[in-house]
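Quick notes on the structure that follows.
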Amino acid sequence: MSKAQWALELKDVRKSFESRGGAKEVLGGISLSVRDGEFVSIIGPSGSGKTTLFQLIGGLAPLSGGEVWMDGRNTTGHRGHIAYMPQQASLMPWRTVRGNIELALQIAGIDRKQARAKATDWLARIELDAYADSYPHALSGGMQQRISFLRALLSPQPFMLLDEPFGALDALTRQQMQQWLLTIWEANRRSVLLVTHSIEEALLLSDRIIVLSAAPAVIVDEIVVPFARPRKESLWTDPQFNALKQQIYEQLHQPTV
Amino acid sequence: MDNSKSRWRSIFPPILVIAVLLAVWELAVVWGRVPEWKLPAPSVIVAEAIAIWPRLMLHAGATVQLALIGFTGGAAAGFALAALLHLIPGARRAFYPLLVLSQNVPVVAIGPILTIWLGYGILPKLILVWLVCFFPVSVAMLSGLNDTDPVLRNYMRMIGASRQQQFWRLELPNAVTHLFSGLKIAASYAVLSAVVAEWIGADKGLGHFMLISSKGYQAASVFASVFLIVALSLTLFGIVALAEKLVVRWRPAKEAKKV
């Protein structure tokens with residue numbers, strides 16, 4: 001009955017790739033769930049198959065085992081159920097900022113007029129309307145990522161995947177972006193699964209953090225982040241913040257079991 | 001003002017070179033006493049062009065018609081062929097060698113055969129121009145379609161874009177700049193191949209006119225039509241280049257460099 005309150009459920013998801021000398025296991029049975037309106041982060045050492053996991057959730061690659069459920073439906077191997085924000089902004093260079101947002105909404109099935117109205121409305125709401133008719137090449141990296149986030153936020157799919165969205169930005173821009181995203185997300189709660197390399201980023205943004213091991217990836221720990229919302233950047237001075245940071249750091253650096 | 005100055009600076013050297021060349025030609029012919037039927041001086045060519053202007057225009061009209069229909073048809077065929085080869089799995093690999101092969105058959109050889117099959121009407125000549133024009137368009141277009149950024153492709157698949165949406169919203173817009181470089185090459189070939197087609201069998205057109213002029217040792221008429229052909233070719237090229245500027249407006253502007 002209460003199934004549908006899970007925005008996303010992964011049931012023992014496995015993936016291995018064929019290679020010389022047998023199969024190489026990348027994901028060794030991942031089970032996790034994200035509640036409606038919950039912000040969950042996945043953190044793991046490099047090469048722990050986080051990108052592969054996203055490809056499976058997005059329906060781009062076949063699973064070696066397990067199931068993907070969204071909104072109480074089995075969506076294993078089906079595309080089109082997620083709003084996606086990749087590491088590189090991935091804006092079409094021949095479309096304006098508004099045009100790029102429109103495109104994502106149209107592909108999700110919203111008609112052109114509505115898509116345009118929604119894009120215009122929201123660009124104004126987050127004070128980016130000055131950029132509505134600019135082409136992506138005229139924007140800074142941080143600004144491109146804001147557009148990329150807004151595009152995902154406005155997409156009607158029930159679930160948002162953020163794939164290391166700030167990984168390519170410099171440290172200062174990254175901090176500003178985290179704060180910006182936090183503010184917008186807290187005002188417009190969506191179910192989010194974020195992959196990140198940054199422990200601070202995960203602690204600042206998420207309700208829950210899932211720590212993965214190196215390949216074959218399994219879930220090492222699941223941490224409920226105790227800080228109240230709305231959160232502030234000054235959180236990092238909190239002793240509890242640093243204790244959790246230390247804990248996750250150690251979990252990431254322990255030898256593979 | 002700065003802009004017009006820099007434009008003048010880029011236009012001036014080639015104009016100067018051409019002017020010097022024409023002057024040398026004129027003087028060489030006059031002082032060297034080259035007979036007019038061998039090599040007429042530029043001034044003689046201009047005088048001849050003015051004298052035969054109505055006839056020249058009549059023939060130019062036929063050539064322009066042939067070149068334009070041939071260019072449009074060839075470009076459309078090239079576009080459609082590229083899209084098909086791209087969209088049908090495996091077709092690209094299977095047909096690409098044939099595509100290249102088709103360009104190695106000399107136009108001069110196909111022409112007479114087409115005339116044997118289809119007579120002296122406009123059709124065999126049109127087919128010849130089509131054959132010349134479709135190739136650069138389809139090859140450029142194919143490489144443009146193939147050149148799609150894998151990051152953007154992944155993004156489109158992640159958000160659930162269908163194969164059709166990927167083609168129309170991603171691959172095709174991405175190929176537009178390539179398409180235009182193919183169109184520009186086709187445009188510069190179109191007039192030339194129309195002239196060659198008229199050479200092989202026609203009763204009008206600049207190619208036909210050149211042929212009878214040269215048989216009559218009227219070198220000035222031949223040169224007048226050559227200049228006209230060059231002008232027509234450049235014009236068609238210019239129109240395509242202008243269309244590109246109007247269509248591809250998103251490309252990083254030059255102003256960005258100046259700042």
Side-chain angles (χ1 to χ4, degrees), chain A residues 51-61 70 75 77-97 99-110 112 133-139 144 148 151-152 154-163 165 168, chain B residues 79 82-83 86-87 89 140-141 143-184 240-259:
Chain A
T51 304
T52 306
L53 185 64
F54 269 20
Q55 299 268 318
L56 300 184
I57 298 173
L60 263 56
M70 280 183 226
T75 60
H78 291 290
R79 299 194 291 121
H81 295 280
I82 55 158
Y84 181 54
M85 178 182 184
Q87 181 170 9
Q88 286 161 287
S90 305
L91 301 170
M92 310 290 154
W94 51 83
R95 282 178 168 260
T96 60
V97 162
N100 266 289
I101 297 173
E102 275 175 48
L103 175 67
L105 300 190
Q106 279 181 271
I107 285 172
I110 294 179
R112 197 197 181 113
D133 296 314
S134 308
Y135 287 97
H137 67 80
L139 307 181
Q144 291 188 11
S148 176
R151 177 173 66 171
L154 297 191
S155 296
Q157 289 96 338
F159 194 75
M160 278 175 89
L161 284 185
L162 313 185
D163 189 358
Chain B
F79 180 89
H86 179 75
L87 287 174
M141 175 78 180
S143 72
L145 290 171
N146 214 36
D147 177 53
T148 310
D149 185 349
V151 171
L152 291 180
R153 206 185 277 279
N154 184 60
Y155 169 76
M156 287 291 270
R157 295 188 62 211
M158 273 301 237
I159 64 168
S162 65
R163 184 72 191 88
Q164 247 191 358
Q165 285 170 328
Q166 286 180 55
F167 179 75
W168 290 106
R169 305 306 190 94
L170 173 61
E171 291 167 339
L172 192 59
N174 181 67
V176 163
T177 42
H178 294 76
L179 176 66
F180 269 107
S181 64
L183 283 175
K184 280 193 262 185
V240 176
L242 191 71
E244 180 181 19
K245 259 194 183 158
L246 292 176
V247 172
V248 188
R249 278 176 302 180
W250 54 269
R251 216 190 301 189
K254 276 185 186 141
E255 283 86 44
K257 277 185 211 157
K258 281 184 191 162
V259 175

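Residue numbering restarts at 1 for every chain, and letters A, B, ... go by the order of the sequence lines.
For Ala108(A), no part lies near chain B; criterion is any non-hydrogen pair under 4.5 Å. With a 4.5 angstrom heavy-atom cutoff, Pro86(A) touches chain B only via side-chain atoms. With a threshold of 4.5 angstrom between heavy atoms, Asn174(B) approaches chain A through its backbone and through its side chain. Only the side chain of Gln166(B) comes within contact range of chain A, judged by heavy atoms closer than 4.5 Å.
Along residues 156-163 of chain A, the residues that come nearer than 4.5 angstrom to chain B, judged on non-hydrogen atoms, are Gln157(A), Leu161(A) in order of number.
With hydrogens and angles disregarded, a donor-acceptor distance shorter than 3.5 Å links the side chain of His137(A) to the backbone of Trp250(B).
The salt bridge (Lys or Arg N to Asp or Glu O under 4.0 Å) test applied to Arg163(B) returns Glu171(B), not counting sequence neighbours.
Environment of CD in Gln88(A): sparse, with no more than 12 heavy atoms of neighbouring residues, nucleotides or ligands closer than 6.0 Å.
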All N/O donor-acceptor pairs, side-chain side in residues 51-59 of chain A, below 3.5 Å, sequence neighbours left out:
{"from": "Gln55(A)", "atom 1": "NE2", "to": "Asn154(B)", "atom 2": "OD1", "distance (Å)": "3.2"}

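With respect to chain B, the highest number of heavy-atom pairs below 4.5 Å among Gln106(A), Arg79(A), Gln87(A), Met92(A) belongs to Arg79(A).
Here the CG-CG distance, from Leu170(B) to Leu103(A), works out to 9.0 Å after rounding to the nearest 0.5 Å. Going from atom CZ of Arg95(A) over to atom CZ of Arg169(B) covers 5.5 Å, rounded to the nearest 0.5 Å.
The minimum heavy-atom distance between Met158(B) and Ile82(A), with the atom names listed, is O-CG1, 3.5 Å.
For the salt bridge (charged side-chain N to carboxylate O under 4.0 Å, His left out) condition, the pairs that include at least one residue of residues 99-110 of chain A, sequence neighbours left out, are Glu102(A)-Arg116(A).
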